[in-house]
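As the structure lists them, so they are numbered: ligands from 1, and atoms in each ligand from 1. We number each residue from 1, following the sequence as shown. Not measured: the values here are computed from a predicted model.
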Amino acid sequence: MISVAEALDRLFSLASPLDVEEVPLRNAGGRVLARPVEAQRDQPPFAASAMDGYGVAEAAPGQRFSVIGEAAAGRAFTGSVGGGEAVRIFTGAPIPDGVKTVVIQEDVDRDGDVITITERLGPGDNIRPYGNDFRKGLRIDAPRVLGPQDIALLAAMNIANVPVTRRPKVAIISTGDELVMPGEDPGPDQIIASNTFGLYVLMQQLGADPRLLPIARDTEASLRTIFGMVDDADLVVTIGGASVGDHDLVANVAADMGLQSAFHKVAMRPGKPLMSGRFGKAMMVGLPGNPVSAMVCGHVFLAPVIRAMLGLGAAAAPRETLRLAAPIGENGPREHYMRARLCREGVTVFDRQDSALLSVLGSADALAVRPPHDPARAAGDEIEVIRL
Ligand code: AMP
Ligand code: MG
């Protein structure tokens, strides 16, 4: 048996960053910036008023000015402003020549075209200096997952098309004579394919482009047919049929169809059987079928593989160290990813850890990671967790 870290290393050796494509800015949210980009202009491109008010050369309480024009956002005042003169100015308008300060409208009494500055006059010139936000050439480094704030900044930088890493195409294949799709009418000996959909959404959330292939039945012919539909996937994920039972055919059929196979027993709970290798132009990962095992392996193995393909580096799922809210017993010989819940007091590990219990996984928001042979732990002891 190999360790989780070793299994991950072998997966990373198969997963390389995908190529770069340009997408329109509005489609770049959640995508991974693939190359650094630079601002195409200075922002703001002129000194601008930060408030609605009056632009003057110098301001003191009691001073009077005659209003000689108006400057609004997108409509500059082109003349220049001398002593005793003021320009009505609005937020975002370019500061006219001669204006050194903007008196906010609340600090002014207006009578026709004459204004008088009141005793209230506040501090500050209410001017946003030229280039105060950023200068041309400001660089945003890659890789970076682009969020809404990044998109706003890229827009201000006048970047209309963004170089991003192509989304990994993931073909998901469920296997088993007992499986039907949600919404179908299962026979008495059938169950609904579940982790299939959990993994689909996990892939989507990671920024991949998943596709559900039809359920493969536990025959060589059916598996061959479904493998034949893989098309141009970057990653093929099979679920189930990965142990060594009479009906576990995935490894054999995949090998027959050219999988450069590496079948691993990984020293982890839940999980254990894990298959990986090159499959044509794609990479293949075979997951165990048990619903919780498949989901945990999705977080522990598939998520890092997708991040590597997106160019975000080869790193295990991030862990943080928290404190136990309640004691737990000793761990066995395999690394254990225990379903747990986080609260203010710390981490509570659920009592029921069977790898078929999706209801327990559904109540969990973290996996508490126990090293092999970890002794019993008391409340208050530190434990590593992966957030779900
Ligand atoms: P297997 O790895 O094929 O032996 O499956 C192990 C267990 O997981 C069996 O109880 C299967 O019925 C169940 N199982 C396999 N695939 C799925 C799936 N896609 N959704 C839900 N349960 C599954
Ligand atoms: Mg099966």
Q: Could you tell me the residue and atom name of the protein heavy atom closest to atom 7 (C) of ligand 1, and the distance to it rounded to 0.1 Å?
A: N290 OD1, 3.6 Å
**Q.** Distance filter under 4.0 Å to T196 heavy atoms, resulting ligand 1 atoms
**A.** 19 (N)
Q) Between P291 and L358, which heavy-atom pair has the shortest distance, and what is it? A) CB-CG, 3.5 Å
Q. Which heavy-atom pair separates F12 from V305 by the least distance, and what is that distance?
A. CE2-N, 4.3 Å
Q | Worked check of salt bridge (Lys or Arg N to Asp or Glu O under 4.0 Å) between R387 and E320 | A | CA-CA 8 Å; R387 282 182 197 263; E320 54 198 291; 2.6 Å; yes
Q: Please determine if K169 and D209 form a salt bridge, counting it only when a charged side-chain N lies under 4.0 Å from a carboxylate O.
A: no
Q) Under 3.5 Å, is there a donor-acceptor pair between the Q105 and R110 side chains? A) no
Q.
With the threshold set at under 4.0 angstrom, would you say G176 reaches ligand 1 through any of its heavy atoms?
A. no
Q: List every atom of ligand 1 that sits less than 4.0 Å from any heavy atom of I191, numbering the atoms from 1 in the order shown and giving each element.
A: 12 (O), 22 (N)
Q: Could you name the option among Q190, M295, E178 that has the heavy atom nearest to atom 11 (C) of ligand 1?
A: E178
Q: Using distance alone, with no hydrogens and no angle criterion, decide if S49 and T91 have a side-chain donor and acceptor under 3.5 Å apart.
A: no
Q) For V4 and A267, which heavy atoms make the closest approach, and how far apart are they? A) CG2-O, 4.4 Å
Q: Look at atom 4 (O) of ligand 1 and say which protein heavy atom is nearest, naming residue and atom and giving the distance to 0.1 Å.
A: D248 OD1, 3.8 Å
Q. Of the protein's non-hydrogen atoms, which lies at the shortest distance from atom 18 (C) of ligand 1, and what is that distance?
A. N195 OD1, 3.3 Å
(Q) Checking contacts here: is it the side chain or the backbone of S194 that comes within 4.0 Å of ligand 1, counting heavy atoms only? Could be both or neither. (A) both
Q | Nitrogen or oxygen atoms of G241 and ligand 1 under 3.5 Å apart | A | yes
Q) Can you list the atoms of ligand 1 that are under 4.0 Å from a heavy atom of A193? A) 20 (N)
Q | Residue and atom name of the nearest protein heavy atom (relative to atom 17 (C) of ligand 1), distance in Å to one decimal | A | G289 O, 3.5 Å
For a quick test of your reading: what N or O donor-acceptor pairs under 3.5 Å do the side chains of residues 36-48 make, sequence neighbours left out?
from: Q40; atom 1: NE2; to: E38; atom 2: O; distance (Å): 2.7
from: D42; atom 1: OD1; to: K136; atom 2: N; distance (Å): 2.8
from: D42; atom 1: OD2; to: Y130; atom 2: OH; distance (Å): 2.5

